[in-house]
There are 2 protein chains.
Amino acid sequence: MENKYETNAKVFKALSDPNRLMIVEMLQSRERCACEILEDLNISQSTLSHHMKILCDSGLVGSRRHGKWMYYSLSKEGCDEAKNLLSEITTIWHNSNERDLRHEC
Amino acid sequence: MENKYETNAKVFKALSDPNRLMIVEMLQSRERCACEILEDLNISQSTLSHHMKILCDSGLVGSRRHGKWMYYSLSKEGCDEAKNLLSEITTIWHNSNERDLRHEC
DNA sequence: ACCTCAAATCTATTTTCATCGATATGTAAT
DNA sequence: ATTACATATCGATGAAAATAGATTTGAGGT
């Protein structure tokens with residue numbers, strides 16, 4: 001079992017690699033076949049497959065098979081969830097009620 | 001020199017660790033002294049210092065010294081930048097003009 | 001000046017991750 | 001069924017990151 005911090009960290013971990021950010025950028029304009037992504041990045045086929053798995057597992061990217069080819073695209077839902085998550089965790093609470101007491105240093 | 005993918009990856013890398021997500025959550029309600037954060041996490045003082053450096057370097061967190069103590073808080077600007085960044089890279093372009101040609105598989 | 005305490009830095013260790021080559025799997029064409 | 005090709009998985013390796021203990025730095029207080 002995985003706690004919420006580990007779960008959330010996974011989404012950001014998916015975005016914390018330069019090659020994966022390049023892939024995400026490629027997917028903004030349209031879905032892409034794995035072989036097309038492979039052409040643009042300087043990595044091996046097995047490494048690309050590994051990155052695509054991480055992106056898909058994070059929910060940011062979806063995939064569909066068409067014959068021999070795998071097509072990848074940004075997932076609207078996954079991307080929205082990520083945005084909501086980031087928004088939630090970085091919102092600064094200006095609390096008027098003084099429940100949250102100061103620490104004794 | 002660092003390319004944009006590496007630069008952007010750094011922000012998400014800062015958020016890709018469970019302990020750092022816990023710290024960010026603690027900072028939502030108010031600024032915290034390092035010693036207070038240390039009490040809540042199961043990590044050593046040196047490890048905490050390491051995490052705080054990563055969060056500060058990412059721009060998400062700011063710090064101020066008060067006597068012997070270091071106080072950390074969420075940076076409004078840094079957090080907004082992160083949100084804008086995520087929004088930019090996950091926006092799906094529905095392009096009507098057909099500049100972006102299909103790939104030959 | 002000396003002592004104390006908080007936090008940063010240094011050094012070493014362990015764990016995680018990116019990467020690749022080789023192999024396996026799945027799909028379609030012959 | 002056999003072959004060809006795209007992608008996934010496996011196994012190994014090197015690099016990066018998390019972690020802790022020891023030491024150093026910095027900022028009061030006596």
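Here is how names work: the chains are called A, B, and so on, in the same order as the sequence lines, proteins then strands, and each is numbered from 1.
Taking only side-chain nitrogens and oxygens, A/Tyr72 comes nearer than 4.0 Å to OP1 or OP2 of D/dA8. Contact annotation: B/Lys13 reaches the phosphate of D/dA17 (side-chain N/O to OP1 or OP2, under 4.0 Å).
Whole-Å rounding puts the B/His66 NE2 to D/dA27 C1' distance at 12 Å. When rounded to the nearest whole Å, the span between NZ of B/Lys68 and C1' of D/dA27 equals 8 Å. Here the C1' atom of nucleotide D/dA17 and the CG atom of B/Asp57 are 14 Å apart, to the nearest Å. Counting to the nearest Å, the P atom of C/dC17 and the CZ atom of B/Phe12 are 18 Å from each other. Per the geometry, CG belonging to A/Asp17 stands 11 Å off P belonging to C/dC17, to the nearest Å. The distance between atom CH2 of A/Trp69 and atom P of C/dT27, rounded to the nearest whole Å, is 13 Å.
Residue B/Met70 places its side chain closer to C/dA7 than to any other of C/dA6, D/dT7, C/dA7. Of all nucleotides listed (C/dA6, D/dA27, D/dA18), D/dA18 comes nearest to the side chain of B/Arg20. Side chain of B/Asn19, nearest nucleotide from C/dA6, C/dA8, D/dT19: D/dT19.
The number of heavy atoms from other shown groups lying within 6.0 Å of CD (B/Glu39) is above 12.
Considering every non-hydrogen atom in both B/Leu86 and A/Leu15, the closest pair reads CD1-CD1, 3.6 Å.
Residues from residues 22-55 of chain B with heavy atoms under 4.0 angstrom of DNA chain C, sorted by number: B/Cys33, B/Ala34, B/Cys35, B/Gln45, B/Ser46, B/Ser49.
Linking ILVMFWY residues whenever their side-chain heavy atoms come closer than 4.5 Å, directly or via other members, leaves B/Trp69 and B/Leu74 in distinct clusters. When the side chains of ILVMFWY residues are joined at heavy-atom separations under 4.5 Å, either directly or via intervening members, B/Tyr71 and B/Ile37 end up in two distinct hydrophobic clusters. At a threshold of 4.5 Å between side-chain heavy atoms, the hydrophobic network of Ile, Leu, Val, Met, Phe, Trp and Tyr places B/Met26 and A/Trp93 in two separate groups.
Under a 3.5 Å cut-off, the side chain of B/Arg20 and the backbone N or O of B/Ala14 do form a donor-acceptor pair.
Salt bridge present: B/Lys4 and A/Glu25 bring a charged side-chain N and a carboxylate O closer than 4.0 Å.
Across the interface with DNA chain C, nearest-nucleotide mapping of B/Tyr71 and A/Gly67 shows B/Tyr71 to be the residue nearer the 5′ end.
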